[in-house]
Every structure is written in structure tokens, then in C-alpha cells.
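Below: the structure, in C-alpha cells.
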Number of protein chains: 2
Amino acid sequence: MGRRRTVSAGEPLIWEDDDSLLVANVIEGVLKLTTSTADGREQIVGVAYPSDFIGRPFGQTSAASVVALTDARVCVFARNDFDRFAREHPELEHKLLERTLAELDRTRAWMMLLGRKSAPEKIATFLLDMSERLADNGCMAHTGPARQFTLPFSRQQVADLLGLTIETVSRQFTKLKADGVVALPSRRDVEILDRAALEMLAG
Amino acid sequence: MGRRRTVSAGEPLIWEDDDSLLVANVIEGVLKLTTSTADGREQIVGVAYPSDFIGRPFGQTSAASVVALTDARVCVFARNDFDRFAREHPELEHKLLERTLAELDRTRAWMMLLGRKSAPEKIATFLLDMSERLADNGCMAHTGPARQFTLPFSRQQVADLLGLTIETVSRQFTKLKADGVVALPSRRDVEILDRAALEMLAG
DNA sequence: GCGCCAGTTTGATCTGGGTCAAGGAGCGCG
DNA sequence: CGCGCTCCTTGACCCAGATCAAACTGGCGC
């Protein structure tokens, strides 16, 4: 049941496989879910971490495309098989429902960010959100928010997540560093120096 | 199982009822799901039409508040009862899962709108979306997109849905009217005169 | 170590949409 | 019928963040 597959950073996860759509479970790594307009604007609409489901069981294929942000290992299922299996195993469907409801909550909170928050608020919210989702090595944390961590995102991807341009993201990072709120030891690394200030900025 | 309740336009649907959280099914009318910041900015994160579920089964209460846009009838359940009932009826859970997945897809499409679309694109997308969801009387259409319909939203609510200000919404409506793309016979009524133009604008 | 190149930062300028401030316009009510 | 209230439109101006245009930086191959 379900074949292992590895995807390296930057590679798309293809949804077509011998005539059937796929559903997958993330084992390791981080992937982005995006939608794009015809003229190339991109919005990241979801981020999948280990243990998250991706794909669209039942009904038609979803519009989002999936690309690995880090090297990743996933477990893929032909959708037909998965659908049948799920319908025969209510416990699995229940689990899936709980996860989908949680994801919907997170997505709705992100809508508020996209529609109503300013650039400084977006960046602060993003950093706090990341510190909760990432331990030092990029996996799920059960040890509370991390003080320092490595982003699985480039600046452009942060921009695509927050509905900003790369220049604005860069300027906001520089500002936070200048104000002593965060340290940026390397392009991808963040250390939170003043969490209270970030929480204030996040609104 | 489940008590009927009526909510008039503008009234909130209270989630606390003799010590237990509620879950509800919309029978008639339209309701908005919103989140707000401390300083009063509001974002509509979902709209519930007849047959939609609202509330948060399993897990903790969701952050969104629910307000009726039109007079509405809903069927409410104590959440504990609902959770137990759902777990004993896999068919219900399956239905709920399908709806939740569909809602997640719609929400993700809306993220693209909020993060990356311009005001004219937002308005055009909104009008096309409404024409698909509303028949003349504000109920679900199975007759294809409506050419004219009554919005269940005030201008301010359209702004809260699209992440704009009321003034920008008003100006965009005026522009579309001036360009002969739509007719606006009254504050809440819209008639689409040139669907192709709207689709072009929506991007 | 040196050059190259993608990703990033920084600066200068522009503009879409926000803000502030008046008017209109529909509608319920006396 | 006209008063008043709420919602909506319109106008003038402004500013956060986009756009355009260079530099800078840090890996990596040679």
C-alpha cells in the first residue's frame, strides 16, 4: 500500500502516474502548495510538513501544484486505491477529517494576514508561525517555539507566501535586524532575539 | 437531533449554549464567517450557503465568528452530541470530509485573490463567483451562472471579503457600470452585461 | 584563490489603493 | 410628504509597498 518516493529540493511532485491521480503523505521534508495566474504571479496556498497529507481524495483534482522546498520523502497512493481504502476504514477518514479541518483553520487565519495585515505585521506573524512549526532541523517541534531555526524558504518564497514582493521582504528583514529583534546569521537562518517585540508587531 | 433556530440579518450566531459549543447546518439564508484584529480590521474568511456546515467539530473552537447576512434558518447541534453521532455514522463523516475538502479548495483559490490580485481583478472575480453561487433568490443554482442576482453583501462586506476598502469597491463598481460591463439597478442588485469582459478582467 | 552566478540587498522613483472629507440617495417612519 | 438615518459615491490627497535598476555576497567549480 503506497510507494515511497523521494523528491529533491525545487522539484515538483507529479500528480499523474500511470493514468491515475495521486494522494500522498509526507514522511520527511517540506513542500509548498501553490497556485499561479496566467501571467506568472504565484501564491503559496499551503505548506506541507512531515505527517501532512497532500493531494485531493474524492472529487476532481485540485488546482494547486506541489513543489518540494527541501529534499523530501513522501509515500504516494493511486487515488482510486486510496479512496476505496479510506471508505472501508472509518478511522482513517476520521483522522483525515480532523487534519483537513485543522488545515482549513490555518488557511483562514492566513486569509486575514493576506487581506488585512501590513508588511511588518505579515513578516512578524510569519516568523512567529515558523518558530512554532520548526525545530532546529526543520521537523515538527513538540518542545515549544524555537528561538532559532532554518527557514525552508528563499526570500522569493517568503514573498509568495505573504503576498509581498521580494524587495519588501528583504527590507523588512533588514529592519528587524537593525532594530535588534532578530539576528540573521545566514540567508536561511533566523534567531529570534526579542519575541515580545515580534508578538507586538504581529498585531 | 438538532434544534431549529432563526437568525435575522445582521445578528451573530452564538456558539455558546448551555455550556456546550455548537455545530450547525444552514437550511436557508447566507451567513459570513469572519476574523478580526484587535484594532477592528475585519476579514471575511468564509460564506455559508444553504446545506453548508458551520462550526468546528472535534478539537478546539475555531477563531471565526458567524453573523447572518440575510435572515437565516439553521439547525444547531450541541457539539458533544454531534461528535459522538458523527463517529458512529461513517457516512456522515465521509460527507463532512468531502465538503471540508471542497471548502479548503475554495479558500485556497481565495488566498490567491487576496495575495496577488489587483482591485479590478478582485471585483471581477467576485462578481463571477457570485453569479455562480446565487440564483435570483439567493439560493444555490443548478441552472448555470446567473446573469442577474441580488448580492447578500453590503459594500463594506464586499470590501471585507476582498481585502479592500469600501471606497475602492465603490469606485470599481462605478467603473464597471461606466464601461457597460454590468448594470446596477439598485444597491444590492447586479446584472452582468458583458461576461466575457468580466472573465478577461478576472485574469 | 578566482571568477561566476543565483540569490539578495539597497537605492530611487512611481503608483494603486488607502485615507480623509464631503456630498448624494434610498428608505423607513412620523 | 419630508425628515433623518444609514449606506453609498465622489473628490482630493497621501503613502506603503511595488517597480525599476544597480550593487553586493556567498557558494561552487575550476
Side-chain angles (χ1 to χ4, degrees), chain A residues 8-11 32 37 39-43 67 69-70 113-126 150-179 182-190 201 203, chain B residues 8-11 32 37 39-43 67 69-71 113-127 150-179 182-190 201 203:
Chain A
S8 23
E11 264 187 20
K32 65 171 181 173
T37 54
D39 61 338
R41 284 170 287 174
E42 183 166 316
Q43 176 67 48
V67 175
L69 294 174
T70 65
L113 176 144
L114 290 173
R116 293 300 189 198
K117 289 193 176 181
S118 67
E121 287 171 329
K122 284 178 177 181
I123 296 284
T125 306
F126 166 72
T150 299
L151 294 177
F153 302 105
S154 69
R155 292 288 184 271
Q156 182 59 60
Q157 286 159 354
V158 175
D160 291 341
L161 194 54
L162 300 178
L164 296 170
T165 59
I166 186 175
E167 294 95 330
T168 299
V169 171
S170 179
R171 278 187 249 270
Q172 294 299 327
F173 272 48
T174 303
K175 178 105 198 318
L176 288 177
K177 188 179 168 183
D179 294 350
V182 301
L184 304 170
S186 85
R187 287 177 174 187
R188 298 286 187 120
D189 291 318
V190 179
L201 283 170
Chain B
S8 22
E11 264 186 20
K32 65 171 181 173
T37 53
D39 60 337
R41 285 170 287 173
E42 186 166 314
Q43 176 68 48
V67 175
L69 294 174
T70 64
D71 290 347
L113 175 145
L114 290 173
R116 292 299 187 199
K117 290 193 174 179
S118 67
E121 288 172 328
K122 284 178 176 181
I123 295 283
T125 306
F126 165 72
L127 290 175
T150 300
L151 295 177
F153 302 104
S154 69
R155 290 289 184 271
Q156 181 60 60
Q157 285 159 353
V158 175
D160 291 340
L161 194 54
L162 300 178
L164 296 171
T165 59
I166 186 175
E167 293 94 331
T168 298
V169 172
S170 179
R171 278 187 250 269
Q172 294 299 327
F173 272 47
T174 303
K175 178 104 200 313
L176 287 177
K177 187 178 167 184
D179 294 350
V182 301
L184 304 170
S186 85
R187 289 177 172 190
R188 298 285 189 122
D189 291 319
V190 178
L201 283 170

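These numbers come from a predicted model, not from an experiment. Residue numbering restarts at 1 for every chain, and letters A, B, ... go by the order of the sequence lines.
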Between Leu164(A) and Gln172(A), is there a side-chain heavy-atom distance shorter than 4.5 Å?
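Answer no - side chains too far apart.
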Do Thr168(A) and Leu162(A) have side chains that get closer than 4.5 Å, going by heavy atoms?
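Counting from C-beta outward, Thr168(A) and Leu162(A) never come under 4.5 Å.
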What is the separation between atom CG on Asp189(B) and atom P on dC27(C), rounded to the nearest whole Å?
10 Å
Can you measure Lys117(B) atom NZ to dG17(C) atom P for me and round it to whole angstrom units?
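The answer, rounded to whole Å, is 13 Å.
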Test of understanding: with salt bridge (Lys or Arg N to Asp or Glu O under 4.0 Å), list the residues that count as partners of [X], not counting sequence neighbours.
X         : value
Asp71(B)  : none
Lys117(A) : none
Lys177(B) : none
Asp189(A) : none

Between its two end axes (five pairs each) the helix from dG1(C)-dC30(D) to dG30(C)-dC1(D) turns, nearest 10 degrees, through 40°
All pairs passing salt bridge (charged side-chain N to carboxylate O under 4.0 Å, His left out) where residues 151-169 of chain A contributes a residue, at least two apart
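Every salt bridge (charged side-chain N to carboxylate O under 4.0 Å, His left out) pair that includes a residue of residues 151-169 of chain A, provided the two are not neighbours, is Asp160(A)-Arg116(B).
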Listed partners of Arg187(A) passing side chain to side chain contact (heavy atoms under 4.5 Å, CB included), at least two apart
none
Let me spell it out: for each of Thr165(A) and Ser186(A), pick the nucleotide of DNA chain D with the closest heavy atom. Which residue's pick is nearer the 5' end?
Thr165(A)
With DNA chain C as reference, determine whether Thr168(A) or Arg116(A) sits nearer its 5' end, using the nearest nucleotide of each.
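Counting from the 5' end, the first nearest nucleotide belongs to Thr168(A).
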Under 4.0 Å between any heavy atoms, over every strand shown, what does Ser118(B) touch: base, sugar-phosphate, or nothing? Just pick one.
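The residue Ser118(B) makes sugar-phosphate contact but no base contact.
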Show me the protein contacts with nucleotides 6-9 of chain C, counting only N or O atoms at under 3.5 Å.
unit_1, atom_1, unit_2, atom_2, d
dT8(C), OP1, Arg155(A), N, 3.4
dT8(C), OP2, Arg155(A), N, 3.2
dT9(C), OP1, Arg155(A), NH2, 3.2
dT9(C), OP2, Arg155(A), NE, 2.8
dT9(C), OP2, Ser170(A), OG, 2.9
dT9(C), O5', Ser170(A), OG, 3.1

Walking along DNA chain D from 5' to 3', note the first and the last nucleotide with an atom under 4.0 Å from a heavy atom of chain A, and give both.
dG17(D) to dT25(D)
Using side-chain hydrogen bond (donor to acceptor under 3.5 Å, both in side chains) as the criterion, list what pairs up with [X], not counting sequence neighbours.
X         : answer
Ser170(B) : none
Glu121(A) : Ser118(A), Arg41(B)
Thr70(B)  : none

